[in-house]
Amino acid sequence: MPIVFKKEKNLKLYLNYSLIFCFVAIFVYGTYFLTGHALIWRLDGAQQHLPLLQAFRKFLVFRWQHPFSPIQQWSWKMGLGNDLYQIFAYYTIGDIFNYLVLLFPATKIVLAYQILIVLRLYCAGLAFCFFADHFDLKQPAILAGTLVYLFNAFLLYSNVAQPFFTLPFIIFPLLLLAIEKVLQGKSVISLILMFSWMLFSNFYFAYILGIGSFIFLCLRYWFNYRKRIPFWRTLGKLAYSSLASLLITAVVWLPEVLAVQNSTRSNGPFANGLKLYPLYYYIALPSQLINGGNRDFYFWSALGFASFTFFAIIFIFIKTRRYPVIVSSFILSGLFLLLPAAGASLNGFLSPSNRWTLMLCLPVALAVAITIEHLNQITPKILKIFTGCLLIYSVWLAVSYYFQNNERLFIPLIFLFLSYFLISTAVHQKIPVRLTKIIFVGSILLNVIGNAIYFEAPYNGGYSNEMLPTDGFQKLVSERYADLDHKLTGKGYRVSTISQNYYLGNGVHMYNAVPSKLNSISSYYSLQNKYLGEWANSLGINQYEANIPLAQVDDRTILNNFLGVKYLFVKKNQKNDQKIPAGYQLDRVSDQLTDANQDSKLNDQTERYVTQNAFPLIYWQNKVFTSKNYSQLSATQKEQALAAGVYSSKSYGLKSAKVTDDKKQTIDYQLISSRGNLINSQQLKKFDSAETYQLLLKPTQSLKNVELQLEVSDLKYQPLTLNQQVKLEELHQQTSANTGILSTNNQLEHYRYLRYHILQGTPDNSFKLTISSPLSSESLSQPQQDQLSFYKTVTGGVLNLGYFQKDFPQTLTLNLSKLGYYHFKLKITAVKISNNYTKQVQQIQKNRLKNLKFTTNQVSGNIKTTQAGILTSSIPYSSGWHASVDGKPVKVLKTNQAFLGLHLTTGSHQIVFKYQTPGLKLAAWLSLLGLIQLLLFLLLKSCRNLIARS
């Protein structure tokens with residue numbers, strides 16, 4: 001199909017599109033506002049995108065007011081501290097819409113955030129209209145395609161949840177037009193601009209769109225241009241455009257690439273270990289095509305187009321010779337959707353996420369536009385093909401309904417058969433072509449509106465339930481600590497909450513605590529320091545996630561102290577509200593909100609705890625753990641080692657540090673099932689879903705002032721087959737039925753269990769091991785492989801069951817979530833928080849770096865030592881850190897596996913740590929070089945044009 005570059009502008013098309021967009025937007029966004037919701041998703045929106053937009057606005061305003069001051073590259077507010085520039089490069093710098101926040105006052109940033117969500121989607125529609133207008137398509141067809149392009153399940157979700165995911169929908173069609181220009185022998189300037197925008201927007205988007213544009217280039221060249229254009233000359237233009245764009249945008253993408261390589265995301269198994277997707281994925285995939293109200297994005301195969309799309313795709317396949325590029329893209333997409341390896345490869349060789357389907361929206365929407373344009377070409381023969389395909393599709397949906405019972409298909413099915421009826425009518429009745437097209441556009445319009453309302457309405461689990469209330473974000477920021485954060489002074493300390501405790505309502509858990517004047521140890525970003533991840537795993541922190549590496553460090557006393565957590569905020573009457581680490585004393589409580597029914601267990605109140613045992617941010621140690629000694633320590637001992645000395649790969653001749661012998665802290669136990677049998681944890685078979693286990697503790701002495709920690713290691717799980725699972729479930733049901741001889745329906749039970757396990761992906765390697773004490777229930781969870789970015793391989797960890805001043809428990813409860821074969825080793829440790837530990841902390845506090853001063857990208861202070869040692873810290877290590885002692889550069893060390901440090905000689909010293917984003921300086925020079933060469937290229941081209949005209 002030819003692409004024609006016109007000089008005239010089709011203003012009427014854009015006016016009509018604007019009117020239709022405003023009409024549909026009333027329903028798409030009005031559903032949220034009508035039900036009292038803001039366009040702020042409770043997870044990424046409230047905890048990443050909106051807070052970062054606020055910070056970015058402050059950054060831009062400061063740059064405008066102080067253009068010659070140093071650029072802030074490090075932030076102390078992002079968890080333990082993080083590279084601000086890298087975070088901005090991933091989330092905000094490349095989104096050109098974010099710069100429009102400068103048009104809004106700081107007090108209206110929440111409004112600006114929501115307006116920009118709508119504006120991005122509107123511009124995505126403009127981009128498609130501009131793209132489609134280069135084809136031989138009239139207005140009704142283009143508008144129909146635009147509705148499909150914009151209002152599908154992918155964008156209904158992501159344009160609100162992760163607003164910057166709308167950018168590829170704007171860039172991709174313009175990028176393909178720029179490639180087409182080069183193929184037609186026109187200027188490369190458009191391609192340089194589009195490549196630059198693609199690279200500038202976000203490296204992840206650039207990766208996906210780069211692959212998509214390369215596939216388009218290959219297909220377009222093969223089917224349309226291989227015998228018509230000079231190969232090497234065209235290749236040279238494309239290569240120059242790519243190189244120029246890479247140079248121009250290096251200042252953004254190069255630091256971002258380095259951040260990805262040094263992040264926790266780079267350590268996951270390829271495709272989450274999957275060779276094929278679970279059975280439920282393949283069963284549901286056909287229905288995903290038209291299920292626009294669906295929120296079950298299995299492996300992010302988010303399609304959900306208007307139902308007419310089904311017939312449009314068939315029509316394009318029938319006309320394969322005329323539309324080979326579109327057909328080839330559909331075939332490739334179909335193959336990619338079937339294989340986890342394809343999804344993982346298009347997701348940076350990580351998890352099998354099919355977010356690349358954002359590119360599929362373009363050929364699908366174009367197919368709809370083409371079909372609408374050529375309705376008069378649908379013959380009775382083609383209608384028969386439609387009928388047969390519809391029959392097969394309907395049978396598949398009917399059969400799959402027995403597994404999913406998905407009522408969300410109700411609206412799509414109505415419009416699927418309505419589309420068929422309209423097509424049949426158009427074939428057999430002589431209706432004016434223009435009127436027919438308008439009817440079809442109206443049908444698609446009603447379809448996407450119905451899908452959007454069903455997708456969002458707060459009934460039956462609608463998406464608006466996941467949005468904050470209208471004033472929710474402002475309330476979250478101002479009241480998250482219930483006013484207990486006021487008048488807290490001091491430098492270098494941090495705060496935290498209690499694990500599984502600090503629930504703020506409406507599904508909001510505090511993964512991030514920004515914006516805030518306090519520094520929380522928890523952070524939730526896509527790019528996290530890989531050394532923190534390695535440290536967390538080495539110490540067995542069971543809360544570790546790639547995007548949230550520390551969380552509340554499982555409330556372990558020494559870890560909280562080491563990270564400088566001075567204050568803890570605890571929600572009374574919520575889970576783990578009694579699991580307070582040692583040394584934290586109740587300091588203040590908020591006003592109590594009394595339950596309306598006078599149930600004291602439901603009263604809402606926040607407590608603030610304080611400790612005197614928080615480590616300084618930077619301090620000196622004179623004892624070290626060598627690599628050999630440190631590698632022999634258990635996870636619990638590595639935690640205790642933080643107070644006894646410092647781990648460094650080089651000892652510098654310092655004294656060796658020691659920790660308590662593990663044997664002195666270990667408690668013997670017996671593992672007994674609820675059936676009364678003695679169990680071997682290394683050969684545990686769980687065949688009864690109701691069976692639980694007890695750990696009978698056998699301490700050799702009376703224990704008090706101890707933290708009870710269970711170290712689980714060598715953890716393995718072998719699931720039962722699907723058939724075994726179902727049979728055991730049925731057997732359990734039959735033996736437990738006690739309500740009469742007619743209480744069991746074997747056929748129904750078989751179907752119920754079979755359906756459940758198919759939808760759960762059985763057999764799969766996920767499980768949860770939970771151990772409970774009087775103070776806490778803690779778990780090690782192996783996620784399912786469909787958890788994508790949150791997938792990890794769990795082989796062990798440490799479970800902190802609380803600090804017991806007295807009343808040490810005699811038993812603990814162990815529960816295993818699934819049937820199957822388990823193998824694990826347990827070591828139960830009583831970590832004594834004694835006076836000796838308090839003395840260690842007090843000595844560390846005396847050895848702190850004094851007179852701490854924080855300036856842009858820098859922290860400094862002074863210290864006096866009586867002997868050589870290592871200056872260590874709880875500042876995350878990065879190659880971007882540089883240090884000087886008394887004005888002289890010194891080598892920066894990575895201490896305690898993940899933190900900033902340096903070797904220090906005897907005497908009084910002035911210490912300065914400075915930070916510079918890795919690769920930023922080189923990237924800035926490359927970008928300057930790229931801009932210079934582009935200006936020279938444009939100048940040379942202008943001169944050639946002048947000479948040619950003269």
Side-chain angles (χ1 to χ4, degrees), residues 76 80-81 490-494 519 531 535 558-566 583 611-627 629-630 633 637-659 836-855 858-878 881-915:
W76 300 101
L80 302 186
K491 294 181 179 179
Y493 71 86
R494 301 186 178 102
N519 297 353
Y531 301 115
W535 180 74
I558 299 176
L559 292 186
N560 270 289
N561 292 166
F562 168 73
L563 296 176
V565 176
K566 185 177 180 180
T611 186
Q612 301 302 317
N613 291 336
F615 288 22
L617 181 66
I618 306 172
Y619 57 94
W620 171 85
Q621 288 277 55
N622 64 344
K623 294 181 181 180
V624 298
F625 291 93
T626 63
S627 296
N629 293 336
Y630 192 79
L633 301 180
Q637 286 178 305
K638 287 178 181 177
E639 180 182 0
Q640 296 170 72
L642 294 169
V646 58
Y647 166 60
S648 172
S649 58
K650 187 176 179 181
S651 66
Y652 295 98
L654 300 176
K655 294 179 181 178
S656 295
K658 296 180 180 180
V659 293
N836 182 53
Y837 170 72
T838 304
K839 290 177 181 178
Q840 287 178 321
V841 174
Q842 290 171 348
Q843 186 61 47
I844 287 171
Q845 292 172 339
K846 288 180 181 179
N847 295 337
R848 72 186 185 280
L849 188 66
K850 297 178 176 62
N851 301 316
L852 276 184
K853 183 179 180 181
F854 296 90
T855 54
Q858 180 174 304
V859 58
S860 60
N862 55 67
I863 191 170
K864 182 177 181 180
T865 65
T866 57
Q867 53 185 298
I870 291 179
L871 196 69
T872 186
S873 71
S874 57
I875 301 171
Y877 172 83
S878 164
W881 282 109
H882 305 277
S884 65
V885 177
D886 302 326
K888 298 179 181 179
V890 296
K891 181 182 179 181
V892 170
L893 302 179
K894 183 173 65 175
T895 60
N896 291 323
Q897 295 184 273
F899 301 98
L900 185 63
L902 55 82
H903 177 240
L904 205 58
T905 57
T906 305
S908 298
H909 301 291
Q910 180 67 30
I911 311 296
V912 177
F913 288 105
K914 291 183 179 179
Y915 186 80

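The chain is numbered in sequence order, starting from 1. Since we're looking at a predicted model, the values are computed, not measured.
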(message) If we ignore hydrogens and angles and just use 3.5 Å, is the side chain of T611 paired with the main-chain N or O of G583 as donor and acceptor?
(response) yes

(message) Side chains of N896 and L642, heavy atoms from C-beta outward: is any pair under 4.5 Å?
(response) yes

(message) To check you understand the geometry: which heavy-atom pair defines the closest contact between A883 and L902, and what is its length?
(response) CB-CD2, 3.7 Å

(message) A side-chain contact here means heavy atoms from C-beta on lying under 4.5 Å apart; do S878 and Y915 qualify?
(response) yes

(request) Find the distance between CG (L893) and NZ (K650) and round it off to the nearest 0.5 Å. (result) 9.0 Å

(request) Test I875 against W76 for side-chain contact (heavy atoms from CB on, under 4.5 Å), laying out the working first. (result) CA-CA 9 Å; I875 301 171; W76 300 101; 3.7 Å; yes

(message) Please find the pair of heavy atoms, one from L633 and one from A641, that lie closest to each other, and give the distance.
(response) CD1-CB, 4.2 Å

(message) Within the structure provided, determine whether V659 and F625 are in side-chain contact (heavy-atom separation under 4.5 Å).
(response) yes

(message) Just so I know, are the side chains of P616 and L849 near enough to count as touching, which here means a heavy-atom distance under 4.5 Å?
(response) no

(message) Checking the side chain of S651 only, and the main-chain atoms of T626 only, is there a donor and an acceptor separated by less than 3.5 Å?
(response) no

(message) Under a 3.5 Å threshold, yes or no: a donor from one side chain and an acceptor from the other, between Y630 and Q897?
(response) yes

(message) Quick check against the 3.5 Å criterion: does Q845 have a side-chain atom that pairs as donor or acceptor with the backbone of Q612?
(response) yes

(message) Are the side chains of V912 and Q858 in contact, using a 4.5 Å heavy-atom criterion?
(response) yes

(message) Please report the interatomic distance CD(Q621) to CD(Q840), rounded to the nearest 0.5 Å.
(response) 8.5 Å

(request) Step by step, work out the side-chain contact (heavy atoms from CB on, under 4.5 Å) result for K623 and V646. (result) CA-CA 6 Å; K623 294 181 181 180; V646 58; over 6 Å; no

(message) Just so I know, are the side chains of L904 and T865 near enough to count as touching, which here means a heavy-atom distance under 4.5 Å?
(response) yes

(message) Can you tell me how the ring of F562 sits relative to the ring of W535, calling it parallel under 30°, perpendicular over 60° and tilted otherwise?
(response) tilted

(request) Compute whether any side-chain donor of one residue and acceptor of the other, for N519 and Y493, lie under 3.5 angstrom apart. (result) no

(message) Ignoring hydrogens, what is the shortest heavy-atom contact between S627 and S649? Give both atom names and the distance.
(response) OG-CA, 3.8 Å

(message) What's the separation between atom CG in L559 and atom OG in S874, rounded to the nearest 0.5 Å?
(response) 11.5 Å

(request) List the steps, then state whether side-chain hydrogen bond (donor to acceptor under 3.5 Å, both in side chains) holds for Y837 with N561. (result) CA-CA 11 Å; Y837 170 72; N561 292 166; 2.5 Å; yes

(message) With a 6.0 Å cut-off (strictly less than), is the heavy-atom count around NZ of K850, excluding the residue itself, greater than 12?
(response) yes

(message) Would the distance check show the side chain of S884 and the main-chain N or O of K888 forming a donor-acceptor pair, the cut-off being under 3.5 Å?
(response) no

(message) Suppose we call two aromatic rings close when their centres sit under 6.0 Å apart. Are Y531 and Y877 close by that rule?
(response) yes

(message) Test ring pair (Phe, Tyr, Trp, His ring centres under 6.0 Å) on F913 and F854; report intermediate values, then the result.
(response) CA-CA 10 Å; F913 288 105; F854 296 90; over 10 Å; no

(message) I'd like to know whether K914 forms a side-chain contact (heavy atoms from CB on, under 4.5 Å) with V859, so could you lay out the CA-CA distance, the side-chain angles of the two residues, the decisive distance to 0.1 Å, and finally the verdict.
(response) CA-CA 7 Å; K914 291 183 179 179; V859 58; over 6 Å; no

(message) Run the side-chain contact (heavy atoms from CB on, under 4.5 Å) test on I863 and S908 for me, step by step, so that the C-alpha distance in whole Å, both residues' side-chain angles and the decisive distance to 0.1 Å come before the verdict.
(response) CA-CA 6 Å; I863 191 170; S908 298; over 6 Å; no

(message) When you compare the side chain of I870 with that of Y652, does any pair of heavy atoms fall below 4.5 Å?
(response) yes

(message) Please give me the minimum heavy-atom distance between Q910 and G861, naming the atom from each residue.
(response) NE2-O, 3.4 Å

(message) For the NZ atom of K853 and the CG atom of N851, what is their distance to the nearest 0.5 Å?
(response) 10.5 Å

(message) Would you say that more than 12 heavy atoms from the other residues, nucleotides or ligands in this model lie under 6.0 Å from the CD of Q867, or not?
(response) yes

(request) Over all heavy atoms of both residues, which pair between S873 and T895 is shortest? Give the atoms and the distance, please. (result) N-OG1, 4.4 Å

(message) Once rounded to the nearest 0.5 Å, what's the spacing between atom OH of Y619 and atom CG of N847?
(response) 10.5 Å

(request) Please report the shortest heavy-atom distance between A644 and A657, naming the atom on each side. (result) O-CB, 3.7 Å

(request) Count the heavy atoms of every other residue, nucleotide or ligand shown that sit under 6.0 Å from NZ of K638, and state whether that count exceeds 12. (result) yes

(message) For the residue pair T872 / Y647, report whether a side-chain donor-acceptor contact shorter than 3.5 Å exists.
(response) no

(message) Within this structure, what is the CG-NE2 distance for the pair L871 and H909, rounded to the nearest 0.5 Å?
(response) 9.5 Å

(request) Report yes if some heavy atom in the side chain of I911 is under 4.5 Å from a heavy atom in the side chain of W620; otherwise report no. (result) no

(request) Output yes when a side-chain donor or acceptor of R494 lies under 3.5 Å from a complementary backbone atom of L563, and no otherwise. (result) yes

